[in-house]
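Worksheet: one structure, shown below.
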Amino acid sequence: MTVVRSTLPDAAREVAGEALQSTLVDLLGISLVGKQAHWNIVGPRFRSIHLQLDEVVATARTYSDTVAERAAALGLPPDGRPETIAAAYALPGAKEGWLRDDEVVRLMVETLESAIGRLRERIDATDKPDPVTQDLLIGITAELEKQRWMFEAENWPRD
C-alpha cells in the first residue's frame, strides 16, 4: 500500500529509499553510541568531550528526522524501530562500561569516519536517480566531517 506517491520513477525511488534508510540507521546508531559514550566517559577531558558528544547526538538526531521525512515525502515509510537499528547497524560501537576520554575520542573518530565513507557511497549512488536526496546526503557528510575533525583534534599529538 502506498499512501504517498512519489514524483520519482520507481527505480530512482528505490535507490533513494535504500540510501535514506541506511543513512537513517547510521544516524540513529551514532546518536546511541554518542549517548553511551556521554554517560560513561571518564578522564581529565571529561567535561569538554562530554559536551562535544551532546553536539554529535543532537546533529545525528536532527538529521535522522530530516532523512526520515525525505523518505516519507518519497512515499517510503522510514523504519527507525529499535529492532531495525539493532539488526542493520554496521558502524563501530561503544564497549560496555566506563570509557576513558582517549578511548571515546578514538571511538567517535572511527564511527564518524565509517559513516562518512558509507555516506560517500550513497552520494555516488544517488547522483542520477535523485539529486535532491544526494544534496541532503552531501550536507550530512559535511557536518559529520566537521564533527570527526573536532574529535580527531582532541588526540593531537597522536598517542
Side-chain angles (χ1 to χ4, degrees), residues 1-4 6 10 12-43 46 49-126 129-130 133-134 136-152 154-155:
M1 172 174 103
T2 301
V3 175
V4 177
S6 174
D10 286 345
R13 185 172 151 248
E14 185 176 322
V15 170
E18 288 174 11
L20 291 165
Q21 180 59 40
S22 56
T23 300
L24 180 62
V25 168
D26 286 355
L27 290 170
L28 291 173
I30 289 168
S31 75
L32 294 171
V33 169
K35 270 302 177 187
Q36 182 68 19
H38 173 88
W39 297 322
N40 289 287
I41 187 172
V42 294
F46 164 83
I49 296 171
H50 181 80
L51 295 173
Q52 190 175 352
L53 288 163
D54 273 339
E55 291 178 27
V56 171
V57 169
T59 295
R61 288 180 177 169
T62 296
Y63 276 118
S64 67
D65 191 53
T66 303
V67 165
E69 289 176 352
R70 175 68 185 151
L74 296 176
L76 302 161
D79 190 352
R81 297 172 300 149
E83 58 270 25
T84 300
I85 306 311
Y89 185 73
L91 301 175
K95 68 177 187 175
E96 184 179 351
W98 302 115
L99 300 166
R100 289 204 37 87
D101 52 7
D102 59 330
E103 290 177 298
V104 169
V105 169
R106 274 193 297 279
L107 169 65
M108 294 311 298
V109 168
E110 290 171 10
T111 301
L112 292 167
E113 191 169 306
S114 294
I116 291 161
R118 291 166 55 89
L119 276 161
R120 289 190 173 279
E121 291 171 6
R122 296 175 200 135
I123 288 167
D124 289 343
T126 55
D130 186 14
T133 294
Q134 182 192 46
L136 173 60
L137 299 177
I138 289 169
I140 294 168
T141 302
E143 183 58 34
L144 293 186
E145 285 177 336
K146 182 177 101 175
Q147 294 292 337
R148 185 196 166 282
W149 155 62
M150 290 180 174
F151 276 106
E152 189 171 45
E154 284 282 346
N155 274 352

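Source: prediction; values computed, not measured.
- Contact check on E103 versus R106 returns no salt bridge, with no Lys/Arg side-chain nitrogen under 4.0 Å from an Asp/Glu carboxylate oxygen.
- Judged purely by distance below 3.5 Å, without hydrogens or angles, the side chains of R122 and S22 pair a donor atom with an acceptor atom.
- G97 and N40 make their closest contact through O-CB, 3.3 Å (heavy atoms, listed as atom of the first residue, atom of the second, distance).
- When atom types are taken as modelled, the side chain of T141 and the backbone of I116 share no donor-acceptor pair closer than 3.5 angstrom.
- Side-chain atoms of S64 come within 3.5 Å of backbone N or O of R61 as a donor-acceptor pair.
- Rounding to the nearest 0.5 angstrom, the gap separating the CD atom in E145 from the CZ atom in R148 is 8.5 Å.
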- Could you give me the CA-CA distance, side-chain angles and deciding distance for V104 and F46, then say whether side-chain contact (heavy atoms from CB on, under 4.5 Å) is met? CA-CA 10 Å; V104 169; F46 164 83; over 6 Å; no

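- Although no hydrogens or angles enter the test, the distance criterion places no donor-acceptor pair under 3.5 Å between the side chain of D130 and the main chain of T126.
- For the residue pair V57 and S31, the shortest heavy atom distance occurs at CG2-O, 3.5 Å.
- Here the side chains of V105 and D101 are not in contact, with every heavy-atom distance at 4.5 Å or above.
- The ring pair (Phe, Tyr, Trp, His ring centres under 6.0 Å) check on Y89 picks up nothing, with sequence neighbours excluded.
- Considering only residues two or more places apart in sequence or on other chains, E69 meets the salt bridge (Lys or Arg N to Asp or Glu O under 4.0 Å) condition with none of them.
- The two residues P129 and A12 come nearest to each other via the heavy atoms O-CB, 3.3 Å.
- Nearest heavy atom pair, residue V4 against residue A73, reads CG1-O, 3.8 Å.
- At a threshold of 4.5 Å between non-hydrogen side-chain atoms, the residues W149 and L112 do not count as touching.
- Considering all non-hydrogen atoms of both residues, L144 and A115 come closest at CD1-CB, 4.2 Å.
- Minimum heavy-atom separation, W39 to W98: O-CZ3, 4.0 Å.
- Between the CD atom in Q147 and the CE atom in M108 there is a gap of 8.0 Å [rounded to 0.5 Å].
- In summary, E55 and K146 do not engage in a salt bridge, as defined by a charged side-chain N under 4.0 Å from a carboxylate O.
- In this structure, the separation between CG on D54 and NZ on K35 is 4.0 Å, given to the nearest 0.5 Å.
- No donor-acceptor pair closer than 3.5 Å links the side chain of T62 to the backbone N or O of T59.
- Between the side chain of R13 and the backbone N or O of L74 there is at least one donor-acceptor pair closer than 3.5 Å.
- Atom CG of L107 sits about 11.5 Å away from atom CG of D102, to the nearest 0.5 Å.
- For the atom pair CG of L91 and CG of D26, the computed distance is 4.0 Å after rounding to the nearest 0.5 Å.
- Under the side chain to side chain contact (heavy atoms under 4.5 Å, CB included) criterion, Q21 pairs with L24, V25, D79, T84, sequence neighbours left out.
- No more than 12 heavy atoms of other residues, nucleotides or ligands shown are found within 6.0 angstrom of CD on E96.
- For the atom pair CD1 of I140 and CG of L136, the computed distance is 4.0 Å after rounding to the nearest 0.5 Å.
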